[in-house]
There are 2 protein chains.
Amino acid sequence: MGRGARGPSMHDVAALAGVSHQTVSRVLNGFEGIRPETRDRVLEAIERLGYRRNLAARSLATGRTGVVGVLSPDNPTYGATSSLFAVEHAVREAGLQPLITTTSGLPESVESALEFMYGRAVEALVIMAPSRSVLEVHDRMGVEVPTAYLLTGDERGRWSVSADQSKGAEMALQALLAAGHTAIQHVRGPLDSTEAQLRSDAYSRFMAQNSLARLPILEGDWSPQSGFDAYVRLDPRATAVFCANDQMAIGLMHAASVGGRWVPDDLSVVGFDDIPEAAHTLPPLTTVRQSFREVGTLAVALLTAALEGREPPDVEPLMPILVERDSVGPPGERKRSW
Amino acid sequence: MGRGARGPSMHDVAALAGVSHQTVSRVLNGFEGIRPETRDRVLEAIERLGYRRNLAARSLATGRTGVVGVLSPDNPTYGATSSLFAVEHAVREAGLQPLITTTSGLPESVESALEFMYGRAVEALVIMAPSRSVLEVHDRMGVEVPTAYLLTGDERGRWSVSADQSKGAEMALQALLAAGHTAIQHVRGPLDSTEAQLRSDAYSRFMAQNSLARLPILEGDWSPQSGFDAYVRLDPRATAVFCANDQMAIGLMHAASVGGRWVPDDLSVVGFDDIPEAAHTLPPLTTVRQSFREVGTLAVALLTAALEGREPPDVEPLMPILVERDSVGPPGERKRSW
DNA sequence: CGGTCGGATGTTACCGTGAACATCGTCCGG
DNA sequence: CCGGACGATGTTCACGGTAACATCCGACCG
């Protein structure tokens with residue numbers, strides 16, 4: 001194993017500045033009792049040598065790594081990625097180091113990803129767990145570092161950071177109801193997904209509360225293709241569909257158009273997430289926007305508080321926003337001629 | 001600075017197994033000359049104590065970190081993120097540690113991201129530089145680790161890994177030409193972007209080679225909104241548009257529909273990238289697929305070869321694939337009644 | 001005017017690992 | 001029967017920081 005070229009060390013800096021290495025250490029760590037003149041000499045020596053401190057040595061001496069593990073799904077969706085990048089930024093901002101590791105979600109993949117991070121001595125974790133199985137693996141491996149959860153709905157109580165999924169779903173459904181729809185069907189996300197479950201539960205609750213007949217819930221996998229496929233399984237009576245995300249809504253609108261049904265005249269559709277494309281589908285998609293970046297930032301705030309021994313802030317679920325565009329219209333058989 | 005709880009060390013393992021710490025080290029590093037019986041005793045002790053080696057200490061002793069820095073745009077687009085995740089996976093697979101750092105692309109952001117990574121003593125870099133300014137900052141900071149470039153077209157010669165942008169653009173244009181279009185306009189990506197430049201150059205070349213009049217090149221920023229905005233600036237003579245990515249194509253098709261022009265009857269559109277939504281736009285988008293994951297994997301192969309002192313493999317630009325769907329039709333004034 | 005105190009800085013030990021070198025026993029050949 | 005070689009393992013040191021403690025020196029006080 002060839003050893004890397006080593007840069008200058010504290011001792012080199014100390015020698016150049018005519019002080020001891022400990023004084024250099026004190027300067028770097030912002031110690032108080034240092035004569036300004038000495039500090040300047042040290043800083044100049046650092047500058048001259050292009051010195052960078054060796055974090056491995058520091059970590060070895062202090063027993064701390066400052067590494068925050070981030071487990072992310074390896075699926076490049078807009079929402080998850082937005083949150084991921086917000087987490088990355090916030091972690092770095094907090095003076096810590098993000099260790100982003102992706103997983104397909106299969107148990108062995110989750111396990112190897114977590115094993116990798118534990119092997120790196122992470123001091124905190126952000127688990128972006130779109131599916132419950134990820135949580136199960138994590139629980140089974142039982143490690144003790146502070147952990148925040150994203151994409152898990154409210155599964156983990158105060159450690160779960162998320163937008164209010166139920167409220168969001170309600171907003172979407174309310175938009176349909178307000179337009180006059182009563183035969184509303186739901187295309188949910190994967191059974192395994194906690195967020196999909198919350199939205200789906202909200203659907204059932206909403207229908208019950210408004211004394212509407214609950215049509216069979218169709219299952220998709222978040223992909224546009226699965227939305228497309230869901231269309232043919234739609235109940236003929238349905239005049240409106242609440243899709244659990246925008247991508248499936250896009251696929252479903254495509255299928256509707258192939259099937260000769262026009263959105264919003266023959267079928268109303270709402271999505272969830274407000275991905276950038278949602279404003280430009282045909283027709284532009286009415287959807288529910290959630291602030292992905294905000295949940296990422298909040299999760300890190302939770303962890304830094306825990307790491308510094310402060311009381312973690314209470315995280316209220318974030319309020320989503322209904323974005324009304326053109327995919328919702330009144331029900332009825334106003335078939336457009338084409 | 002409170003010191004973290006320290007786990008068992010090699011010495012603890014050694015004591016339990018009745019050997020010296022060096023023997024433990026040898027077992028862990030797969031040394032040859034160890035009696036099987038001794039090895040087993042050591043492994044059992046490791047198991048019993050739940051020992052994990054301290055990478056900080058290892059790194060300090062060897063002078064190596066095994067960290068590969070990955071600079072990524074903080075823009076959660078499908079393509080960049082796909083490559084990013086492929087890089088992450090490949091780096092980990094190679095026994096190294098990815099250090100993913102995002103940047104907005106603004107010089108000070110790029111600089112702080114690079115500074116962060118250099119401070120972590122990265123041994124190699126993957127720079128995902130959608131814009132030339134990122135490269136400039138990187139060059140200015142002048143560091144010597146092996147560096148692979150993504151999203152830069154062929155800017156960096158053999159160190160640039162990418163799909164063949166020119167060929168891809170040609171394929172897109174050829175599809176339009178084959179359908180009978182001669183008045184083809186181009187909506188390019190940002191001026192600063194090397195990939196946009198390559199596609200744009202390919203457009204100019206293609207038009208010249210086929211003796212077609214080059215219509216003014218419009219500039220977008222990759223977003224659907226910018227594609228939408230470009231529509232009104234379209235030349236009235238244009239019967240077809242080559243958009244430099246799918247998102248802009250989506251926005252442009254939206255605008256066309258608002259403007260009462262039908263795709264593909266009144267206007268043909270091709271995109272670039274083949275994002276998952278492209279198969280489900282109205283109409284489904286003809287586009288050029290490039291293998292984002294593959295370029296990510298290849299970039300890492302390049303770096304691991306360099307790190308191990310092997311001759312880096314020659315990386316041929318990857319061949320993109322034309323995906324023909326329904327957004328291209330023959331030119332003409334066959335306005336669809338609606 | 002000497003002792004003490006406190007601020008500024010130096011000295012030493014230690015963190016956990018890997019590398020170089022030392023040691024020990026055994027086997028084999030002269 | 002002894003010495004060298006070799007295989008298996010142990011010992012020591014270095015890596016580059018931080019923490020604890022030691023030291024030095026000037027100022028202030030009794």
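Proteins get letters first, then strands, A, B, ... in listed order; numbering begins at 1 in each. Computed from a predicted structure; not experimentally measured.
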| With sequence neighbours excluded, residues passing salt bridge (Lys or Arg N to Asp or Glu O under 4.0 Å) with Glu111(B) |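 Applying salt bridge (Lys or Arg N to Asp or Glu O under 4.0 Å) to Glu111(B) gives Arg140(B).
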| field | Set of salt bridge (Lys or Arg N to Asp or Glu O under 4.0 Å) partners for Arg41(A), sequence neighbours left out | value |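 For Arg41(A), the residues satisfying salt bridge (Lys or Arg N to Asp or Glu O under 4.0 Å) (neighbours in sequence not counted) are Glu37(A).
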| field | All side-chain contact (heavy atoms from CB on, under 4.5 Å) counterparts of Pro107(B), not counting sequence neighbours | value |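 With sequence neighbours excluded, Pro107(B) shows a side-chain contact (heavy atoms from CB on, under 4.5 Å) to Val137(B), given in chain and number order.
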| query | Residues in side-chain contact (heavy atoms from CB on, under 4.5 Å) with Ala15(A), at least two apart? | reply |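 None.
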Taking only residues two or more places apart in sequence or in another chain, which ones pass side-chain hydrogen bond (donor to acceptor under 3.5 Å, both in side chains) with [X]?
X	value
Arg26(A)	none
Gln290(A)	Gln165(A), Asp273(A)
Ser162(A)	none
Gln197(A)	Arg188(A), Asp201(A)

Take the protein atom [atom1] of [X] and the nucleotide atom [atom2] of [N], then report the distance between them rounded to whole Å.
X	N	atom1	atom2	value
Leu60(B)	dC15(C)	CG	C1'	9 Å
Ile34(B)	dC6(D)	CD1	C1'	16 Å
Met10(A)	dC14(C)	CE	C1'	15 Å
Arg35(A)	dA8(C)	CZ	P	8 Å
Arg64(A)	dG17(D)	CZ	P	18 Å
Glu32(B)	dA8(D)	CD	P	10 Å
Asn29(B)	dT17(C)	CG	P	11 Å

| Do we get Arg293(B) above Phe85(B)'s six-membered ring, with its NZ or CZ under 6.0 Å from the centre and within 45° of the axis? |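 That pair does not qualify as a cation-pi contact.
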| said: The side chain of Thr62(A) is closest to which nucleotide in this list: dG16(C), dG18(C), dT18(D)? | reply: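 Output: dT18(D).
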| Arg58(A) side-chain proximity, nearest of dG16(C), dG18(C), dT18(D) |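 Taking heavy atoms from C-beta onward, the closest nucleotide is dT18(D).
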Per-pair distances, 0.1 Å, donor-acceptor, side chain in residues 143-151 of chain A, under 3.5 Å, sequence neighbours excluded:
{"residue": "Thr147(A)", "atom": "OG1", "partner": "Val145(A)", "partner atom": "O", "Å": "2.9"}
{"residue": "Tyr149(A)", "atom": "OH", "partner": "His138(A)", "partner atom": "ND1", "Å": "3.4"}
{"residue": "Tyr149(A)", "atom": "OH", "partner": "Arg156(A)", "partner atom": "NH1", "Å": "3.4"}

| message | Counting only heavy atoms and a strict 4.0 angstrom limit, can you tell me which residues of residues 37-56 of chain A come near DNA chain D? | response |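 Listed by number, they are Tyr51(A), Arg52(A), Arg53(A), Asn54(A).
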| said: Let me check the geometry of the helix from dC1(C)-dG30(D) to dG30(C)-dC1(D). What is the bend angle between the axes at its two ends, five pairs each, to 10°? | reply: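 Roughly 60°, once rounded to the nearest ten degrees.
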| said: Could you check whether atom CZ of Arg52(A) has more than 12 heavy atoms from other residues, nucleotides or ligands sitting under 6.0 Å from it? | reply: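 Above 12, so yes.
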Distances under 3.5 Å between protein N/O atoms and the N/O atoms of nucleotides 10-12 of chain D, please, pair by pair.
{"residue": "dG10(D)", "atom": "OP2", "partner": "Ser20(B)", "partner atom": "N", "Å": "2.8"}
{"residue": "dG10(D)", "atom": "OP2", "partner": "Ser20(B)", "partner atom": "OG", "Å": "3.0"}
{"residue": "dG10(D)", "atom": "OP2", "partner": "Thr23(B)", "partner atom": "OG1", "Å": "2.6"}
{"residue": "dG10(D)", "atom": "N7", "partner": "Arg26(B)", "partner atom": "NH2", "Å": "2.8"}
{"residue": "dG10(D)", "atom": "O6", "partner": "Arg26(B)", "partner atom": "NH1", "Å": "3.4"}
{"residue": "dG10(D)", "atom": "O6", "partner": "Arg26(B)", "partner atom": "NH2", "Å": "3.4"}

